[in-house]
Amino acid sequence: MTKRTRFAPSPTGYLHVGGARTALFSWLHARKHGGAFILRIEDTDLERSTPESVNAILEGMTWLGLEYDEGPFYQTERFDRYNEVIEELMEKGLAYRCSCSRERLDDLRETAMANKEKPRYDGHCRSLDISPDTPHVIRFLNPDDGVVVVDDMVRGRVSFSNAELDDLIIRRTDGSPTYNLTVVVDDSDMGITDVIRGDDHLNNTPRQINILKALDKEIPRYAHLPMILGDDGARLSKRHGAVSVMQYMEQGILPEALINYLVRLGWSHGDQEVFSQEELIQLFDVDDVNKSASSFNTEKLLWLNQHYIKEADSYHLAHLLSPHLGRLGIDPAEGPDIVKVVEAQKERAKTLVEMAEISEFIYRDFEEYDEKAAKKNLRPVVREPLEKMKEALQQLDNWEETTLHQCVEDVSASLELKMGKVAQPLRVAVVGRAASPGIDVTLALIGKDACLRRIDMALEFIRKREEQA
RNA sequence: GUCCCCAUCGUCUAGUCGGCCUAGGACACCGGGUUUUCAUCUCGGCAACAGGGGUUCGAAUCCCCUUGGGGACGCCA
């Protein structure tokens with residue numbers, strides 16, 4: 001049988017890394033087995049679901065490249081179907097009306113807790129035959145005894161005693177169906193064979209299996225994924241920086257880096273760290289997923305991101321870098337070929353944001369020198385090398401890397417100085433700080449006019465500094 | 001509180017149904033080399049089987065207990 005998996009987020013916020021990994025594993029499982037990956041929006045909570053959230057989730061999935069084969073299906077459009085199933089359950093005598101007040105329910109819970117017992121509904125309305133006209137909810141008649149076994153692909157066999165479960169509400173007073181009912185109906189109707197979801201749903205699984213059994217439906221295979229914790233080991237939340245997948249995009253993370261990072265959280269293939277999408281589809285197996293929760297480690301994400309930046313096609317990267325330059329108020333069109341910029345900076349940036357920042361000097365004069373760099377390199381002793389460089393550069397017609405390199409070398413030789421003694425002060429003069437690509441590449445990217453102008457600025461800086469001393 | 005789950009370096013993890021583990025790799029960190037700077041690359045170092053009982057000739061690997069962590073217990077999903 002072909003495998004069918006699904007990702008079923010509730011649109012009450014952004015797509016966060018936990019959800020993204022769940023979607024990723026589901027997607028990989030489907031792709032690996034040549035099956036279908038279905039997107040379903042669980043928006044039965046009318047209060048909290050928003051269209052903005054739906055868009056944010058769609059946007060995040062698109063960015064990550066997790067394309068779905070069917071959907072998105074919206075649960076709010078399937079209320080008739082849910083009611084049909086609820087009716088079926090009622091007719092079979094496997095569901096009943098309940099008119100217990102919230103106060104009574106609250107009391108029940110408190111009493112149970114006080115008695116050190118698990119809070120559960122006592123079945124008060126089971127045999128009361130409440131009139132359809134009085135306000136009521138509908139509860140599923142859960143079996144009283146026996147055991148439900150979940151044969152989970154990652155957790156193994158987990159069993160729950162029916163005595164621990166209670167008669168859950170499947171339809172609210174306002175007539176809307178609840179989660180445990182809709183999931184079961186949808187997974188069944190949509191032919192989902194493999195339910196891959198977060199760990200927090202493990203406790204719901206026996207309830208869902210009971211409903212499935214009552215409906216005489218096939219029970220899918222389950223895989224409950226461990227949680228992802230924040231950098232500090234606590235639960236991932238808004239307090240832990242970037243929660244939304246799209247925030248990573250804004251921070252200049254490549255989607256393939258995030259995917260690669262996420263897949264290694266809870267899954268591994270020997271000692272391999274870097275996986276292409278094709279490799280993942282081939283090698284991934286839910287059965288190999290870890291049982292324990294893992295902490296998100298931004299450092300490693302950054303390392304992977306740098307790796308992918310290094311490996312990426314420069315032309316492609318240029319496209320991605322452009323908006324980040326724009327955010328700094330830079331129009332890439334007003335500088336050298338942006339592909340050249342990318343090639344010069346590729347190995348020096350962990351993110352696209354960083355790449356944009358360290359490339360700023362190429363497009364405009366800097367406001368002030370990096371204090372340390374200036375202190376160390378813009379001293380009176382470098383006046384001569386800088387002046388000599390200025391003269392030599394002024395006379396240079398052919399402003400390109402090879403000739404620039406030769407030029408710096410010649411000046412160094414004529415002064416009997418090591419190349420670093422000339423190149424480094426020159427770098428600080430034209431870049432404003434101590435780090436940049438090779439001096440020849442740096443000069444080439446900045447351009448002749450700006451270079452000469454900045455050397456003058458540096459000479460002026462040295463002169464003033466001397467006066468003050 | 002009750003039920004369910006989890007437990008190897010700071011972090012992600014390897015560890016084929018016990019021996020090849022004086023526990024391997026990666027990130028981070030520290031040090032060396034390459035280099036005109038930074039970075040890349042490269043070499044090396046630091047660092048863990050939560051604790052206690054068993055089972056066994058032999059346990060990180062199996063069992064039990066303790067401890068710690070997480071999840072669930074909603075007319076949320």
Side-chain angles (χ1 to χ4, degrees), chain A residues 8-12 42-45 47-49 75 98 100 102 105 109 112-120 135-139 150 152 155-156 158-161 163-166 168-180 182-183 197-206 224 226-227 229 231 233-235 261 264-274 290-304 306 310 345-350 358 373 377 405 408-409 412 418-428 431 433-440 442:
Chain A
S10 58
T12 55
E42 309 216 322
D43 53 355
T44 53
D45 184 349
E47 303 267 306
R48 297 193 297 160
S49 300
Q75 294 194 318
C98 166
C100 289
R102 289 179 201 249
L105 265 20
R109 228 186 321 271
M113 294 280 261
N115 291 338
K116 300 179 188 250
E117 280 170 8
K118 185 173 181 170
R120 53 193 289 284
H136 64 273
V137 298
I138 293 181
R139 288 181 183 273
V150 181
D152 196 277
R155 326 263 1 173
V158 183
S159 46
F160 298 84
S161 167
E164 292 293 331
L165 276 24
D166 65 356
L168 63 275
I169 292 172
I170 54 177
R171 185 160 77 189
R172 303 184 182 93
T173 307
D174 68 5
S176 62
T178 62
Y179 169 74
N180 280 299
T182 58
V183 170
R197 63 197 352 176
D199 213 345
D200 46 339
H201 288 292
L202 184 57
N203 289 283
N204 286 323
T205 309
H224 287 94
M227 302 213 62
L229 309 173
D231 268 324
R235 187 174 181 169
Y261 179 71
R264 284 284 287 100
L265 238 36
W267 176 84
S268 63
H269 184 257
D271 288 339
Q272 191 171 344
E273 295 288 348
V274 178
N290 273 182
K291 296 177 182 178
S292 52
S294 43
S295 297
F296 195 91
N297 184 225
T298 306
E299 295 291 346
K300 192 157 184 177
L301 202 215
L302 254 21
W303 171 74
L304 270 168
Q306 179 164 38
K310 241 165 23 196
Q345 303 284 212
K346 254 178 145 174
E347 291 182 344
R348 280 166 244 273
K350 284 179 162 40
I358 61 173
N377 294 288
H405 188 86
V408 178
E409 229 169 40
S412 305
K418 278 188 178 174
M419 200 166 153
K421 291 286 183 191
V422 175
Q424 195 54 14
L426 179 58
R427 169 176 285 111
V428 176
V431 177
R433 53 182 168 190
S436 85
I439 192 67
D440 43 3
T442 300

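To find a chain, count down the sequence lines: A is the first, B the second, and so on, and within it residues start at 1.
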K.L.:
Just compare B/C75, B/C6, B/A77 and give me whichever is closest to any side-chain atom of A/Glu42.
P.N.:
B/A77
K.L.:
Whole angstroms only, please: what is the CG-C1' distance between A/Asp199 and B/A7?
P.N.:
14 Å
K.L.:
Checking side-chain contact (heavy atoms from CB on, under 4.5 Å) for the pair A/Arg427/A/Ser436: CA distance, chi angles, key distance, verdict?
P.N.:
CA-CA 7 Å; A/Arg427 169 176 285 111; A/Ser436 85; 2.8 Å; yes
K.L.:
Indicate yes or no: at least one non-hydrogen side-chain atom of A/Pro119 is less than 4.5 angstrom from one of A/Met113.
P.N.:
yes
K.L.:
Could you check whether A/Cys100 gets within reach of a base, just the sugar-phosphate, or nothing at all, counting any heavy atom under 4.0 Å?
P.N.:
base
K.L.:
Please classify the nucleic acid contact of A/Glu117 as base, sugar-phosphate, or nothing, using heavy-atom distances under 4.0 Å.
P.N.:
base
K.L.:
Just by distance, do the side chain of A/Ser161 and the backbone of A/Ala163 share a donor-acceptor pair under 3.5 Å?
P.N.:
yes
K.L.:
Between A/Lys291 and B/C6, is there a contact of a side-chain N or O with OP1 or OP2 at under 4.0 Å?
P.N.:
yes
K.L.:
Just checking A/Ile439: base, sugar-phosphate only, or nothing, at a heavy-atom cut-off of under 4.0 Å?
P.N.:
base
K.L.:
Got a salt bridge between A/Glu164 and A/Arg120, using NZ or NE/NH1/NH2 to carboxylate O under 4.0 Å?
P.N.:
no
K.L.:
Go along nucleotides 15-32 of chain B 5' to 3' and tag each nucleotide: B for a protein heavy atom under 4.0 Å from its base, S when only backbone or sugar atoms are that close, - otherwise.
P.N.:
---------BBBSS----
K.L.:
A/Ile170 has an atom CD1; how far is it from atom C1' of B/G74, in whole Å?
P.N.:
16 Å
K.L.:
Applying a 4.0 Å non-hydrogen cut-off, can you work out what A/Lys310 is touching in the nucleic acid: base, sugar-phosphate, or nothing?
P.N.:
sugar-phosphate
K.L.:
When you compare B/U11 with B/G69, how far apart are their P atoms, in angstrom units rounded to a whole number?
P.N.:
15 Å
K.L.:
Which listed nucleotide (B/A77, B/A72, B/C75) is nearest to the side chain of A/Leu105?
P.N.:
B/C75
K.L.:
Could you work out which one of B/A77, B/C3, B/C75 sits closest to the side chain of A/Gln75?
P.N.:
B/A77
K.L.:
For A/Val158, report the nucleic acid contact type (base, sugar-phosphate, nothing); a contact means any heavy atom under 4.0 Å.
P.N.:
sugar-phosphate
K.L.:
Reckon A/Arg155 touches a base, only the sugar-phosphate, or nothing at all at heavy-atom distances under 4.0 Å?
P.N.:
sugar-phosphate
K.L.:
Checking contacts here: which listed nucleotide (B/G70, B/C4, B/C6) is nearest the side-chain heavy atoms of A/Ser292?
P.N.:
B/C6
K.L.:
Would you classify A/Arg48 as touching base, sugar-phosphate or nothing, given that sugar-phosphate means primed atoms plus P, OP1 and OP2, and contacts are heavy atoms under 4.0 Å?
P.N.:
base
K.L.:
Write down the distance separating the C1' atoms in B/A47 and B/C12, rounded off to the nearest Å.
P.N.:
15 Å
K.L.:
Taking atom P of B/C73 as reference, at what distance in whole Å does atom NZ of A/Lys118 sit?
P.N.:
9 Å
K.L.:
Who is the Watson-Crick or G-U wobble partner of B/U34, with both distances under 3.5 Å?
P.N.:
none
K.L.:
Salt-bridged, A/Asp199 to A/Arg155, with N to O below 4.0 Å?
P.N.:
yes
K.L.:
Just call it for A/Thr12: base, sugar-phosphate, or nothing, with non-hydrogen atoms closer than 4.0 Å on any strand.
P.N.:
nothing
K.L.:
Quick one, A/Val274 and A/Leu304 - any side-chain contact, counting heavy atoms below 4.5 Å?
P.N.:
yes
K.L.:
Does A/His224 reach a base, just sugar-phosphate, or nothing at all? Heavy atoms under 4.0 Å.
P.N.:
nothing
K.L.:
Do the side-chain N or O atoms of A/Ser295 get closer than 4.0 angstrom to the phosphate oxygens (OP1, OP2) of B/C12?
P.N.:
yes
K.L.:
Distance alone, cut at 3.5 Å: any donor-acceptor contact between the side chains of A/Thr178 and A/Asn180?
P.N.:
no
K.L.:
Quickly work out the A/Asp152 CG to B/G71 C1' distance and round it to whole Å.
P.N.:
14 Å
K.L.:
May I ask you to verify if any side-chain N or O of A/Ser294 is less than 4.0 angstrom from the OP1 or OP2 atom of B/U13?
P.N.:
yes
K.L.:
Can you tell me the Watson-Crick or wobble partner of B/C3, both distances under 3.5 angstrom?
P.N.:
B/G71
K.L.:
Which is more 5' along RNA chain B, the nucleotide nearest A/Val183 or the one nearest A/Met419? Just name the residue.
P.N.:
A/Met419
K.L.:
What contact category does A/Pro437 fall into here, base, sugar-phosphate, or nothing, at under 4.0 angstrom with non-hydrogen atoms?
P.N.:
base
K.L.:
On a whole-Å scale, what distance lies between the P atoms belonging to B/G15 and B/U55?
P.N.:
29 Å
K.L.:
Write down the distance between CG (A/Leu229) and P (B/C6), rounded to a whole number of angstrom.
P.N.:
15 Å
K.L.:
Please report the distance separating the P of B/C63 from the corresponding atom of B/G24, rounded so that it comes out in whole Å.
P.N.:
25 Å
K.L.:
Taking the same atom, P, in B/G51 and in B/U61, what whole-Å distance lies between them?
P.N.:
10 Å
K.L.:
In terms of side-chain heavy atoms, does A/Thr44 have a donor or acceptor partner in A/Thr182 at a distance below 3.5 Å?
P.N.:
no
K.L.:
Reading RNA chain B from 5' onward, which residue's closest nucleotide shows up sooner: A/His405 or A/Ala112?
P.N.:
A/Ala112
K.L.:
If I take atom OH in residue A/Tyr179 and atom P in nucleotide B/A72, what distance separates them, rounded to the nearest angstrom?
P.N.:
11 Å
K.L.:
Are any side-chain N or O atoms of A/Asp43 and backbone N or O atoms of A/Gln75, one a donor and one an acceptor, separated by less than 3.5 Å?
P.N.:
yes
K.L.:
When you measure from the side chain of A/Arg197 to the backbone N and O of A/Leu202, does any donor-acceptor pair fall under 3.5 Å?
P.N.:
no
K.L.:
A/Arg433 CZ to B/C38 C1': how many Å, rounded?
P.N.:
10 Å
K.L.:
Would you classify A/Thr173 as touching base, sugar-phosphate or nothing, given that sugar-phosphate means primed atoms plus P, OP1 and OP2, and contacts are heavy atoms under 4.0 Å?
P.N.:
base
K.L.:
If you check the A/Arg102 side chain, which of B/C12, B/C75, B/G1 turns out closest?
P.N.:
B/C75
K.L.:
With rounding to the closest Å, how many angstrom separate the C1' atoms on B/A59 and B/C17?
P.N.:
14 Å
K.L.:
Counting any heavy atom closer than 4.0 Å, what does A/Arg109 reach on the DNA or RNA strands: base, sugar-phosphate only, or nothing?
P.N.:
sugar-phosphate
K.L.:
Classify A/Gly198 by what it touches in the nucleic acid, base, sugar-phosphate, or nothing, heavy-atom distance under 4.0 Å.
P.N.:
nothing
K.L.:
Quantified in whole Å, what is the C1' atom distance between nucleotide B/C4 and nucleotide B/U42?
P.N.:
49 Å
K.L.:
Any sub-3.5 Å donor-acceptor pair from A/Thr442's side-chain atoms to A/Pro437's backbone N or O?
P.N.:
yes
K.L.:
Would you measure the distance from the P atom in B/G45 across to the matching atom in B/U56 and give it in whole Å?
P.N.:
40 Å
K.L.:
Quick check on B/C73: is either OP1 or OP2 less than 4.0 Å from any side-chain nitrogen or oxygen of A/Asn204?
P.N.:
no
K.L.:
Can you tell me the distance, in whole Å, between the CG atom of A/Asn115 and the C1' atom of B/C3?
P.N.:
16 Å
